[in-house]
Every structure is written in structure tokens, then in C-alpha cells.
Amino acid sequence: MKILTGNDLPTGDVIWWTGFDWSRHVEDAADVGEHGEAILARESGARRVNSAYIIEAEATAEGPRPAHIKDRIRALGPTVRPDLTLKPADPNAGDWVI
């Protein structure tokens, strides 16, 4: 399974390609198969995402799980304070004020 990740241009948040848009939740990520490069070119050209790249993932009952630890950390948020991790069920995730 291959999924796309990158950073949201306005906020810098880690985002995941859902098949039609971007989400802050890795559970929403869609398998891009062999279409990843074309999607990256289109989305980067439209300036909707920064530093996007294709990663390997495995399908689980909870959704895609990035294969590499670096991307798992990107998916879940900070590792030093569990109270700050991104919680997929939180409808207000990402609605903070900087």
C-alpha cells in the first residue's frame, strides 16, 4: 500500500491524501497505488501541499499504518507529551490558534 503525505501550506500541519482532498488524519489516507507521482505533481503544482512524498504503509482495521517510524511519528504527533498527540476522533483537531 502506498499513501501520500506532506504539509499543509497555510498551517504547516502534516496532511494525508484521501483520494480527493487532504486530511490531518492518517486514518483517512487512501492507497494511491501507481498513481502517486501523478497526484503529487498535480497537488504540488496547485500549491495545495508542501514537501509531499509517497510512503509505504500497511492496511489495518484502524486505517493505514505508515511503515517507517518517522512517518508514524508524523501521523501521531509529539512523542514526549501524550496529551498533545493528534486524536483522530477529535472534531476540533487543528482548530487551535497560534
Side-chain angles (χ1 to χ4, degrees):
M1 168 178 219
K2 294 181 182 184
I3 60 177
L4 305 181
T5 186
N7 294 91
D8 182 53
L9 281 172
T11 64
D13 292 347
V14 174
I15 54 178
W16 308 88
W17 179 249
T18 67
F20 60 91
D21 203 0
W22 295 91
S23 171
R24 288 184 176 95
H25 307 290
V26 68
E27 293 81 9
D28 298 335
D31 183 3
V32 297
E34 300 305 314
H35 304 286
E37 293 293 337
I39 296 167
L40 286 179
R42 184 184 69 231
E43 291 296 306
S44 295
R47 300 191 187 270
R48 287 190 277 250
V49 62
N50 187 42
S51 302
Y53 58 99
I54 301 168
I55 65 169
E56 293 291 329
E58 61 183 80
T60 71
E62 293 81 34
R65 181 177 189 259
H68 194 278
I69 188 68
K70 172 191 157 243
D71 295 306
R72 280 187 240 145
I73 292 169
R74 283 175 45 84
L76 299 175
T79 59
V80 294
R81 298 233 351 239
D83 59 311
L84 297 178
T85 61
L86 185 59
K87 296 166 183 61
D90 183 356
N92 298 317
D95 292 342
W96 55 87
V97 177
I98 298 176

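Everything numeric here is computed off the predicted structure, so don't read it as measured data.
Trp16 meets the ring pair (Phe, Tyr, Trp, His ring centres under 6.0 Å) test with no other residue; sequence neighbours excluded. In this view, Asp28 satisfies the salt bridge (Lys or Arg N to Asp or Glu O under 4.0 Å) rule with no residue, not counting sequence neighbours. By the side chain to side chain donor-acceptor pair (under 3.5 Å) test, Asn50 pairs with no residue at all, sequence neighbours left out. Every residue meeting the side chain to side chain contact (heavy atoms under 4.5 Å, CB included) condition with Glu34, not counting sequence neighbours, appears here in chain and number order: Lys2. In terms of the side chain to side chain donor-acceptor pair (under 3.5 Å) criterion, residue partners of Arg48 (sequence neighbours excluded) are, by chain and number, Glu43. In this view, Arg74 and Thr5, Asn7, Val14, Tyr53, Lys70, Asp71 satisfy the side chain to side chain contact (heavy atoms under 4.5 Å, CB included) rule, not counting sequence neighbours.
Atoms OG1 and CD1, on Thr18 and Ile3 in that order, are 11.5 Å from each other to the nearest 0.5 Å. To the nearest 0.5 Å, atoms CZ (Arg65) and CG (Leu76) are separated by 9.0 Å. With values rounded to the nearest 0.5 angstrom, Leu4 atom CG is found 11.5 Å from His35 atom NE2.
Under the 4.5 Å side-chain heavy-atom criterion for ILVMFWY residues, no single connected hydrophobic cluster contains both Val32 and Met1.
A heavy-atom distance below 4.5 Å is found between the side chains of Leu9 and Arg47. Residues Asp8 and Pro10 have side chains in contact (heavy-atom distance under 4.5 Å, counting atoms from C-beta outward).
Nearest approach of Val49 to Trp22, heavy atoms of both residues: CG1-CZ2, 3.8 Å. Closest non-hydrogen pair, Pro64 versus Ala29, comes out as CG-O, 3.4 Å.
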